[in-house]
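Notes follow the structure.
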Amino acid sequence: ETTRVSCRRVSPTRWPDIITQLAASDTHVVHPMKLDNFYTQLFFCTARIEVQLSAVESSVGSGFLLQVPIDANHGALLLVSNRHVLLAGGPVANVTFHKGDGAGEARRPRLVEVQTCRLDTTAVACHPEPAVDLACVNVCPIGNPDLALYYRHLDPSLMADFEEPWIGPFTEVCFVGYPDGRHDTHNHLPILRSGRLASIPSTDFNGANQLVIDAHVHRGSSGSPVFAIPPPFSGGTPRFIGVLTQTMIRGENLVTVATVPSVAVPLTIGLGLVLKPSLVKHLISTAIAKVTPPAQSLTSEHDSSQMPK
């Protein structure tokens with residue numbers, strides 16, 4: 001049976017089953033950081049996803065926000081990650097967002113104040129091919145003004161098609177997430193890391209729709225968005241090149257493991273597998289088919305949460 005989720009703006013007194021509020025911290029600090037930098041904004045489009053597996057064990061991964069059109073006037077806000085992150089085994093996933101102050105371009109995050117939202121994992125939409133480790137969930141309710149959350153979201157126009165002349169082997173890349181579950185616990189911020197493209201991005205590594213990056217990819221980085229960084233004076237802008245899914249470990253044969261934390265951490269060799277944007281686009285089309293048309297537009301040319309294209 002298909003699970004349908006709504007993108008309608010909801011009443012502040014009644015939240016849908018897909019997302020419920022948990023306790024928020026009460027410290028009120030608005031940070032004067034410069035938010036017009038693309039790489040600074042990446043910290044606020046990425047979210048920490050924690051799934052409680054048992055009373056004493058949890059799984060931590062990364063995810064990112066992507067706003068996509070449903071029709072000419074409406075859009076959906078999706079939290080994108082890996083299937084093995086969102087469906088790690090628990091019935092709910094806890095996702096943390098910053099609180100915010102102000103409106104429009106003047107809106108600022110409260111770094112040490114966060115709101116944790118609980119997602120119903122039965123509403124997760126997976127890529128239609130079981131072997132593709134991608135999934136997402138519609139999180140439009142976080143835009144409710146009564147929550148006063150601060151976040152940024154990516155736009156599909158940032159996705160690379162690998163026709164860009166400056167994207168190729170050895171191009172610098174960056175990715176943001178929660179390696180080994182680690183993050184700035186005071187400011188509730190993820191960690192931004194860098195590396196290089198280690199395969200030819202226009203080809204399919206090992207015959208699958210994926211590429212390889214040479215970077216320290218640790219468990220907990222699953223679901224991290226990866227970006228190609230344009231060289232100086234190239235005239236290019238950063239491009240989304242995929243989603244981290246696995247890291248490679250040392251052994252007689254090349255072995256890949258999911259990048260979610262575990263008790264026993266194998267010795268990695270500094271290579272990570274990235275699922276290409278075309279797979280994300282396929283996931284989006286699957287998710288949109290499950291979204292009830294919204295009663296209100298969620299897209300605007302003045303949308304202050306959208307990152308620059």
Side-chain angles (χ1 to χ4, degrees), residues 4-10 16 18-19 35-36 38-49 62-82 86 93 95-98 100 103-105 107 109 115 117 119 123-125 127 134-145 147-161 176-177 190 223-227 237-243 275 277-309:
R4 299 185 68 84
V5 294
S6 174
C7 197
R8 294 183 176 90
R9 190 176 296 281
V10 297
I18 180 177
I19 179 171
L35 294 169
D36 55 355
F38 178 87
Y39 302 103
T40 300
Q41 293 178 37
L42 288 181
F43 285 79
F44 298 98
C45 81
T46 306
R48 184 176 187 267
I49 303 172
S62 307
F64 60 96
L65 295 172
L66 177 68
Q67 183 163 296
V68 297
I70 296 177
D71 55 36
N73 300 309
H74 304 101
L77 185 64
L78 303 178
L79 176 65
V80 181
S81 186
N82 294 129
L86 287 172
V95 186
T96 303
F97 300 98
H98 286 89
E105 295 300 326
R107 188 160 180 76
Q115 174 78 55
C117 298
L119 301 180
V124 169
H127 193 281
L134 284 175
C136 67
V137 62
N138 171 26
V139 293
C140 283
I142 70 170
N144 189 306
L147 270 183
L149 299 182
Y150 181 89
Y151 59 86
R152 308 292 287 182
H153 64 75
L154 301 178
D155 186 89
S157 63
L158 285 172
M159 295 186 182
D161 57 13
V176 60
S224 294
V226 185
F227 298 86
T237 56
R239 283 289 175 257
F240 171 78
I241 61 171
V243 183
L275 301 176
S278 58
L279 292 176
V280 178
K281 292 179 181 179
H282 196 184
L283 170 69
I284 290 170
S285 63
T286 301
I288 290 303
K290 298 183 178 182
V291 176
T292 304
Q296 177 175 349
S297 172
L298 292 175
T299 58
S300 168
E301 59 182 290
H302 304 295
D303 182 3
S304 63
S305 66
Q306 179 172 306
M307 295 181 61
K309 301 178 181 179

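Position 1 is the first residue of the sequence, and the numbers go up from there. Worth saying up front: this structure is predicted, and the values here are computed from it rather than measured.
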What distance do M159 atom CE and F240 atom CZ have between them, rounded to the nearest 0.5 Å?
5.5 Å
Nearest-0.5 Å distance, CG of residue D71 to CD1 of residue I288:
9.5 Å
Between the OH atom in Y151 and the CD atom in Q67, the distance rounded to the nearest 0.5 Å is 7.5 Å
CG/L149 to SG/C117 distance, rounded to the nearest 0.5 angstrom?
5.5 Å
Working to the nearest 0.5 Å, report the span between CD of Q115 and CD1 of I142.
11.0 Å
List the steps and the verdict of side-chain contact (heavy atoms from CB on, under 4.5 Å) for L275 and L134.
CA-CA 8 Å; L275 301 176; L134 284 175; 3.6 Å; yes
Test L77 against H153 for side-chain contact (heavy atoms from CB on, under 4.5 Å), laying out the working first.
CA-CA 8 Å; L77 185 64; H153 64 75; 3.8 Å; yes
Minimum heavy-atom separation for L78 and C136, please, with both atom names.
CD1-SG, 4.1 Å
Would you say P238 and Y39 make side-chain contact, with heavy atoms under 4.5 Å?
yes
What are the two closest non-hydrogen atoms of A47 and V95, and how far apart are they?
CB-CG1, 3.6 Å
Side-chain touch L66/V280, heavy atoms, less than 4.5 angstrom:
yes
On a heavy-atom basis, the closest approach of I241 and A160 is CG2-CB, 4.0 Å
Heavy-atom pair with the smallest gap, counting every atom of D155 and S157:
OD2-OG, 2.7 Å
Please evaluate residues T286 and H127 with respect to the criterion side-chain contact (heavy atoms from CB on, under 4.5 Å), reporting the C-alpha separation (whole Å), side-chain torsions for both, the decisive distance (0.1 Å), and the verdict.
CA-CA 7 Å; T286 301; H127 193 281; over 6 Å; no
For A93 and I49, which heavy atoms make the closest approach, and how far apart are they?
CB-CG2, 4.1 Å
Min side-chain heavy-atom separation S224-V176 under 4.5 Å
no
Using the rule given for side-chain contact (heavy atoms from CB on, under 4.5 Å), can you reason through V243 versus V226, listing the C-alpha separation, both sets of side-chain angles and the distance that settles it, and then say yes or no?
CA-CA 6 Å; V243 183; V226 185; over 6 Å; no
Result for side chain to side chain contact (heavy atoms under 4.5 Å, CB included) between L65 and one of T46, V80, V139 points to V139
Please report the interatomic distance CG(L79) to OG(S62), rounded to the nearest 0.5 Å.
10.5 Å
Between F97 and F44, is the gap from one ring center to the other below 6.0 Å?
no
Would you mind reporting whether F227 and R239 have side-chain heavy atoms less than 4.5 Å apart?
no
